[in-house]
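Numbers for residues simply follow the sequence, beginning at 1. For clarity, every value in this text was computed on a predicted model and none was experimentally measured.
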Amino acid sequence: MAGVTDCFAKSLGTDNVMNVVKATAEGLKNMESPEQVSERRGMSVSKIYGWKEKN
């Protein structure tokens with residue numbers, strides 16, 4: 001539902017299924033949009049992705 005198609009993760013510590021599910025859900029809740037990241041870093045989205053800037 002979040003648009004993530006292929007995801008691979010390493011579980012550190014316990015491999016209890018409920019802990020992995022909780023950690024995954026928490027990670028998805030904490031995801032930021034490219035616009036939020038660029039604003040926090042003080043740079044453009046294009047620069048973050050390595051795209052050429054449009055004039």
Enumerate the residue pairs fulfilling ring-ring contact (aromatic ring centres under 6.0 Å, His included) with a member in residues 12-40, sequence neighbours excluded, ordered by first and then second residue.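 Sorted pair list comes back empty.
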Looking only at heavy atoms, which two atoms of S38 and V45 are closest? And how far apart? OG-CG2, 3.5 Å
Considering only residues two or more places apart or on different chains, which pairs with a residue in residues 16-30 satisfy salt bridge (Lys or Arg N to Asp or Glu O under 4.0 Å)?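 For residues 16-30: E26-K29.
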Do any pairs count as a side chain to side chain donor-acceptor pair (under 3.5 Å) and have a residue in residues 39-51, sequence neighbours left out, and if so which ones? E32-R40, S44-E53
